[in-house]
Amino acid sequence: KRAITLNLKSPRGKALLKDMVRRADVLLENFAPGVMDRLGVGWSVLHEINPRLIYASGSGYGLSGPDRDSLAMDLTVQAVSGIMSVTGFPDGPPLKAGPAIVDFLSGIHLYAATVTALFERERTGVGRLVEVAMQETVYPTLASNLGMHYNSGGQVPPRTGNRHGGLAIAPYNVYPASDGHVA
């Protein structure tokens with residue numbers, strides 16, 4: 001492995017990036033939407049240099065749309081996506097999920113999209129722009145809760161503690177036992 005730092009605000013840094021892109025399979029970036037374009041090294045420029053390039057972009061809310069310029073991190077996306085509204089117990093406040101699940105889900109989705117684009121490129125010879133928004137990676141995890149929301153005529157699903165959100169599945173909880181807890 002080799003490492004390099006580039007100042008993309010300098011002509012030399014841009015030239016070095018463009019030179020590397022000529023030989024690259026994938027460029028992965030997670031700047032705020034529009035930053036790479038403003039720097040003169042966005043998808044359209046780099047695709048001209050290397051039509052086989054897979055340009056993978058990870059952002060909070062996507063490269064377009066009304067929220068594209070909103071700042072994002074795991075906690076804020078957990079809040080805006082609804083994860084926090086269904087995490088915790090009914091009589092308590094919304095809670096974030098313990099681990100940084102949105103960060104990891106986003107990375108996994110971006111990996112899968114990049115590998116899929118590489119596979120497509122092997123068939124077509126042409127690269128593509130791949131984009132993954134953190135917020136969009138959350139929704140599959142909320143399938144049960146979203147189903148509950150739509151089936152109830154728009155009622156907000158309650159926080160269910162350790163019970164399954166959305167379905168009456170039994171037993172589905174963490175139960176005390178004489179030597180600790182059992183799931």
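Hydrophobic clustering (ILVMFWY, side-chain heavy atoms < 4.5 Å, transitive): Leu75 and Ile101 are in distinct clusters. Placement of Tyr111 and Phe119 in two distinct hydrophobic clusters is found when ILVMFWY residues are connected by side-chain heavy-atom separations under 4.5 Å, directly or transitively. With hydrophobic clusters built from ILVMFWY side chains whose heavy atoms lie under 4.5 angstrom apart, Ile4 shares a cluster with Val41. Cluster annotation: Val77 is not connected to Met73 through the hydrophobic network of ILVMFWY side chains, with a link wherever side-chain heavy atoms come within less than 4.5 Å. When hydrophobic clusters are built by joining Ile, Leu, Val, Met, Phe, Trp and Tyr residues whose side-chain heavy atoms come closer than 4.5 Å, directly or via intermediates, Val138 is grouped together with Val86.
Between the CG atom of Leu53 and the CG atom of Leu46 there is a distance of 6.5 Å, given to the nearest 0.5 Å. The distance from atom OG1 of Thr87 to atom CG of Leu142, rounded to the nearest 0.5 Å, is 8.0 Å. Atom OG of Ser81 sits about 11.5 Å away from atom CD of Glu136, to the nearest 0.5 Å.
Closest approach of Ser106 to Thr137, counting heavy atoms only: OG-OG1, 3.5 Å. Closest heavy-atom contact between Gln78 and Ala97: OE1-N, 2.6 Å. For the residue pair Arg159 and Met84, the shortest heavy atom distance occurs at CD-O, 4.1 Å.
In this structure, Asp25 pairs ionically with Arg121, as a charged nitrogen and a carboxylate oxygen lie closer than 4.0 Å. A salt bridge between Glu48 and Lys18 is absent, with no side-chain N of the basic residue lying under 4.0 Å from a carboxylate O of the acidic one.
In terms of modelled atom types and a separation under 3.5 Å, the side chain of Lys9 and the main chain of Leu39 share no donor-acceptor contact. With hydrogens and angles ignored, the 3.5 Å screen pairs a side-chain donor or acceptor of Asn151 with a backbone N or O of Gly147.
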**Message:** Asp19 vs Arg23, test: side-chain contact (heavy atoms from CB on, under 4.5 Å). Steps then yes/no.
**Reply:** CA-CA 7 Å; Asp19 187 48; Arg23 301 180 309 273; 3.5 Å; yes

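Annotation: ring-ring contact (aromatic ring centres under 6.0 Å, His included) contacts of His47 (sequence neighbours excluded): Trp43. Judged as a salt bridge (charged side-chain N to carboxylate O under 4.0 Å, His left out), and not counting sequence neighbours, Arg123 has no contacts.
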Under 3.5 Å, side-chain donor or acceptor atoms of residues 56-63 against the rest of the protein: list the pairs with distances, not counting sequence neighbours.
{"unit_1": "Ser57", "atom_1": "OG", "unit_2": "Glu29", "atom_2": "OE2", "d": "2.9"}
{"unit_1": "Ser59", "atom_1": "OG", "unit_2": "Gly62", "atom_2": "N", "d": "3.0"}

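Open room surrounds CZ on Arg128; 12 or fewer heavy atoms of other groups in view lie less than 6.0 Å from it.
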